[in-house]
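Reviewing the structure listed below.
Counting convention: from 1, in listed order, for ligands and their atoms alike. Just so it is clear, the values below take in all heavy atoms, side chains as well, and ignore hydrogens, waters and symmetry mates. Starting from 1, each residue takes its place in the sequence as its number.
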Amino acid sequence: MPYDELAVPGVRSLQPYQPGMPIAELERRYGIRNAIKLASNENPLGAGHLALAAARQALADCARYPEGSGHFLCARLATLHGVAADAITPGNGSNDVLDMIARVFLGPGVEAIYSQHAFAVYPIAVQAVGATARVAPAHDGSDGPAYGHDLAAMRSLVGPATRVVFIANPNNPTGTWLEAGELREFVAALPDHVMVVIDEAYFEYVSEAKYPDTSRWLADCPNLIVTRTFSKAYGLAGLRAGYAVSSPEVAQLLNRVRQPFNVNSIAQAAALAALDDVAHLESSIRLNQVGIQQLGSGFTRLGLSFIESVGNFIAVDTGGSAAEYYERLLRQGVIVRPIANYGMPNHLRVTVGLPEENARFLAVLEQVLA
Ligand SMILES: *Cc1c(COP(=O)(O)O)cnc(C)c1O
């Protein structure tokens, strides 16, 4: 039986998400040790001690189902964002929320818009439910940061069939970002039948004065959905916790397709504790700022151009096909991310690591480029 033909049309042509290679897999494959992974935008400091302690404590009660609605976590997040508790939708990572949005608002016959080089989960979520993707060309560098989202190009794709626009701010893998003024204008100009998703997975890392906290716009923008995650600056990627902030009406729709108990009890407890660990968040942000500088000046020294990034990663132009450099880095025990699947075959995306990890990456990169 050609089971492929039984799959729904969207799934038939879908390519699965490609995660970064785990350290254990690399070490097994090449028989090496002490590999480092700078491939998945994880926090190099790991989780904070408060989150770890809360997780351990929650583990003891794991025979019980989790708090199904994530009551305590959602109440805490509502306070953080200045919204009502029923405006928060908890997710098994923010990926889960992006998927819920697609299942609620998209399907055959309607369209979603996102930018060229945008986060890879958008095309997957859109295609899986049989909707049509309209991809706006990114800025070419003439009147906006090269590779960044071009809001005018995105707006020109909006039509009667549009239901969702996905915007990553900042975007992964480019690290480019949108200012409050232009983004607010874009959101305000959208017709009522279009939901706009602003994915703020790297929110905590951004210190630019004009970078917006779009959850503050919800009172005026009922068609807005903001997503955040505990996977990046909070260092809890392995536990899977994220959420959406929206109007209560939209949250209620998302809740209809949300799996019961989608955020496990350990993740809920750890996320709640992580919000209180301001010291860990601040050291994570500081370490990232230093690391971004270290990598940027390293690339400049090597004569490589890179895309200015406000995230915890940088896309560097290797000047040729990056696939081969990726492989050579792997053999030296350094895992980064090739991003040809994002339409950027000459770039590698590297996550900011500990200073010694960044230094090792730069040294090995210099070697493999030679
Ligand atoms: C990492 C990332 C996410 C979410 O990851 P989760 O672990 O599912 O929360 C969402 N959006 C972007 C742009 C990301 O880079």
Pair N41-T351, side-chain donor/acceptor within less than 3.5 Å: yes
Is the shortest side-chain N to carboxylate O distance from E204 to K232 below 4.0 Å? no
What I want to check is whether the side chains of S284 and N43 have a donor and an acceptor closer together than 3.5 Å. yes
Write out the protein residues near ligand 1, meaning a non-hydrogen atom under 4.0 Å from one of its atoms, in order of chain and number. G93, S94, N95, F119, N172, D199, A201, Y202, T229, S231, K232, R240
Modelled atom types, side-chain donor and acceptor of Y234 and D277, under 3.5 Å: no
Can you name the side-chain contact (heavy atoms from CB on, under 4.5 Å) partners of E208, sequence neighbours left out? W177, V206, Y211, V310
If we ignore angles and hydrogens, is there a donor and acceptor under 3.5 Å between the side chains of Q127 and S13? yes
